[in-house]
Amino acid sequence: MKWKHIMTVFKKELKDIVRDRKTLFSSIVVPIFLMPVIFLLVGGGTARMSEEMTTNITVALSEDSYSPAAQNFLKESLEAQDDEITVVDPVEDPWEAINSKKAKLVVSLDRDFEDKLENSEPFTLKIYYDNSLSRSGGAVGALRSAINKLNGIIAEQRLEALGINPELLTPVVVETENISKTGDGNMMLMMLLPMIIAMLVAVGGIPAATDLVAGEKERMTFEPLLTTRPSRMSILIGKYLTINVFSFASVISTLAGILLAFLINPRSITMGMGQIGGFSLDYGSAVLCVIVTLLLGMTFSGLQLAISTYARSFKEGQTYLSLLMFVVIIPAYSTMMIMPNDIQLYMYLIPVLNTISAFKLVLGGLTNYTGLILAVVTSLVYVALSLLAAASMFRNEKYLFRS
Amino acid sequence: MIELIGLTKKFGNVTAVNNLSFTVRKGEIFGLLGENGAGKTTTLRMLATMLKPTSGTARLAGIDIIESPEEVRGRVGILFGGESGLYDRLTVYENIQYFGELNDMPVKEIKKRIQKLADAFGMNDFLNKRAGKLSKGMRQKASFARAIVHNPDVLLLDEPTSGLDVGAMREVQTFLMNQKEEGKTILFSSHTMSEVEKLCDRIAVIHKGVLADTGTTNQLFQKYRTQSLEELFVRLAGDGR
Ligand SMILES: Nc1ncnc2c1ncn2[C@@H]1O[C@H](COP(=O)(O)OP(=O)(O)OP(=O)(O)O)[C@@H](O)[C@H]1O
Ligand SMILES: [Mg+2]
């Protein structure tokens with residue numbers, strides 16, 4: 001194995017692939033533009049959804065409980081509690097009204113509500129909502145709290161009228177303060193970013209890997225290459241480095257794409273779930289996390305090289321390698337919801353999960369050096385194993401020369 | 001110059017090449033003949049160090065294929081599969097340059113050598129075009145140039161003329177003759193009797209991996225009392241004889 005040979009192969013493969021529009025496109029150009037599209041569509045969508053639930057809450061009185069007095073009461077008492085609430089014209093059919101967007105919520109009042117109010121008796125206000133529509137189901141909370149406020153105000157007035165201190169009613173005053181170190185927006189990032197990075201670093205080399213051995217075999221350029229002076233291992237390592245470059249390039253171009261989405265619409269990258277901020281980055285953990293990620297890329301580059309060498313043709317290589325993609329996607333998706341506090345130690349030992357865990361940990365501002373160091377050590381073993389697998393394929397005449 | 005010593009290759013139960021021994025002298029063009037599946041490609045692949053012999057060995061330019069495969073590859077020019085082995089996305093120049101670099105040639109020397117080869121093969125017009133955009137004839141020239149960029153002593157070619165039209169076939173034959181004039185030792189496999197007759201100093205016929213006979217074309221004609229190589233081939237290779 002000679003370094004000079006390795007670099008000759010590496011440089012040529014880079015040049016060759018960069019000239020291959022298909023590979024260049026799918027591993028670098030697509031992520032840069034796909035990410036903004038995904039984030040702006042999905043992120044913009046959820047942002048709009050949560051906005052719909054909390055702003056411009058239209059409430060209508062149902063026709064059968066309508067009276068000018070009722071309409072007036074609603075308008076004066078509810079709109080005063082919450083600026084976002086507007087009472088609109090009465091409607092006949094609650095379901096029809098909500099679905100045709102005449103109102104987000106429909107309410108009915110007891111017909112004799114005025115008398116009951118006067119006599120300090122309770123009356124019923126019924127809220128109709130459609131839980132299958134987030135704009136309606138999500139708005140119930142806002143209306144409820146407006147009514148709670150209203151109840152409080154009326155109760156106070158009544159107690160004062162009786163000469164009783166209203167504070168008697170609230171023996172316990174509740175205060176809450178969110179002391180989480182991470183903003184709501186970080187939660188969303190913690191779910192998405194580790195998954196995206198781990199997936200990409202694991203699959204980003206696939207187009208290059210398919211081309212570099214299975215593709216060469218199919219184009220019949222592989223045999224001539226093997227007739228040149230370098231040892232098989234030099235050729236293998238040269239190709240291996242190329243695949244690595246592409247798996248990392250796809251991550252970098254994806255991060256560039258996410259940054260682009262952020263620049264276009266800052267809210268999109270947290271899927272509208274609040275702000276990002278309050279990071280307390282632990283540099284040691286961050287460095288280990290990057291190392292685990294690099295090692296994951298190297299492991300999968302080796303695996304891809306082994307599979308591409310095993311494949312008889314370009315098509316076969318593509319098929320096997322897309323199966324490898326599932327192997328990555330399934331654990332990545334299934335751990336999406338896991339929060340940094342819930343990470344189990346075993347997760348640091350499993351490829352893909354180790355990277356996801358490390359990123360969640362760092363983004364969550366936590367530290368777990370045992371887990372991270374275990375992840376680095378086991379990843380080194382995986383890198384070695386995958387390279388061994390590739391090397392044994394490369395040494396095997398049966399796979400190199402089958403057609 | 002090329003010495004096969006009991007060269008044997010088994011693929012599982014199949015013995016593709018069986019105890020093959022013969023010698024190709026320096027400066028000779030030597031033809032390797034045999035039916036489909038006779039073991040020609042397997043033999044050449046072993047000589048090119050791409051396959052490991054099951055037993056036996058061979059020496060090229062005095063270098064053992066098992067002891068120093070890298071050195072053997074550095075001294076041998078190999079052309080398997082005619083014009084099909086070029087990198088389409090690289091230019092002709094880059095294709096040849098790549099093989100020069102892989103064969104440890106200094107950059108300056110590669111440049112000089114490519115210029116010389118371009119002149120010799122008439123490739124100056126398309127030297128900087130991508131190989132994928134060239135005609136078959138141009139690709140063929142580029143492949144030849146690439147195979148001999150490191151000025152090897154020995155050439156190994158597997159059916160260099162199969163699937164070519166008459167003109168292209170003649171180009172190959174001219175190429176081989178010129179290489180011989182430059183003192184190279186050439187071993188090539190073929191199905192085509194007429195070209196073997198025209199080019200070869202000596203031939204070896206293999207049948208089911210076993211050496212059936214070897215000698216000059218004339219010697220074999222006289223020995224088997226026939227004037228045509230086709231006839232000779234049928235007699236040697238035919239079952240039951
Ligand atoms: N990689 C391999 N694995 C298993 N068997 C093989 C392999 N390569 C060749 N063989 C077998 O070895 C025998 C010799 O094949 P080889 O390709 O050397 O013949 P050939 O003389 O070149 O034939 P052709 O004229 O068709 O090119 C055949 O029976 C073939 O099936
Ligand atoms: Mg053959």
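Chain A is the first sequence line, chain B the second, and so forth, proteins listed ahead of strands; every chain is numbered from 1.
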Need one label for B/Glu71: side chain, backbone, both or neither, based on atoms under 4.5 Å from any heavy atom in chain A.
both
Quick one: are B/Ile78 and A/Glu223 in side-chain contact, heavy atoms under 4.5 Å?
no
Per-residue tally against chain B (heavy atom, under 4.5 Å) across A/Val9, A/Leu226, A/Asp16 peaks at A/Asp16
Side chain, backbone, both or neither: which part of A/Ile235 has an atom under 4.5 Å from a heavy atom of chain B?
neither
Side chain, backbone, both or neither of B/Arg75 within contact of chain A (heavy atoms, under 4.5 Å):
neither
Short question: side chain of B/Arg73, backbone of A/Arg229 - any donor-acceptor pair under 3.5 Å?
yes
Using a cut-off of 6.0 Å, state whether more than 12 heavy atoms not belonging to B/Lys180 lie near its atom NZ.
yes
A/Leu400 versus B/Met50: any side-chain heavy-atom pair under 4.5 Å?
no
Verify, without hydrogens or angle tests, whether A/Arg19 (side chain) and B/Arg89 (backbone) share a donor-acceptor contact under 3.5 angstrom.
yes
A/Thr228 vs B/His150 side-chain heavy atoms within contact, under 4.5 Å:
no
What's the shortest heavy-atom distance between A/Lys15 and B/Leu90, and which atoms?
CD-CD2, 4.1 Å
Nearest non-hydrogen partners of A/Pro224 and B/Gly85, listed with the distance:
CG-CA, 4.1 Å
Using the rule given for side-chain contact (heavy atoms from CB on, under 4.5 Å), can you reason through B/Phe11 versus A/Lys398, listing the C-alpha separation, both sets of side-chain angles and the distance that settles it, and then say yes or no?
CA-CA 9 Å; B/Phe11 295 110; A/Lys398 225 167 54 205; over 6 Å; no
Could you check whether any side-chain N or O of B/Glu70 sits under 3.5 Å from a backbone N or O of A/Pro230, counting only pairs where one atom can act as donor and the other as acceptor?
no
Chain A contacts, top residue of B/Arg146, B/Lys52, B/Glu94, B/Gln97 (heavy-atom pairs, under 4.5 Å)
B/Glu94
Going from OG1 on B/Thr41 to CZ on A/Phe401, what distance comes out if it is rounded to the nearest 0.5 angstrom?
11.5 Å
Is there a salt bridge (charged side-chain N to carboxylate O under 4.0 Å, His left out) between A/Lys4 and B/Glu101 once you walk through the steps?
CA-CA 9 Å; A/Lys4 186 175 156 279; B/Glu101 285 170 7; over 6 Å; no
Partner chain B: residue of A/Asp20, A/Ile17, A/Leu225 with the largest heavy-atom pair count (under 4.5 Å):
A/Asp20
Is B/Tyr87 close to A/Lys12 at the side-chain level, that is, under 4.5 Å between some pair of heavy atoms?
yes
Rounded to the nearest 0.5 Å, how far does OG1 of A/Thr227 lie from CG of B/Leu102?
9.0 Å
Pairs of heavy atoms under 4.5 Å with chain A: top-ranked of B/Leu156, B/Thr49, B/Asp104:
B/Asp104
Is A/Lys2 in contact with chain B via its backbone, its side chain, both, or neither, using a 4.5 Å heavy-atom distance?
side chain
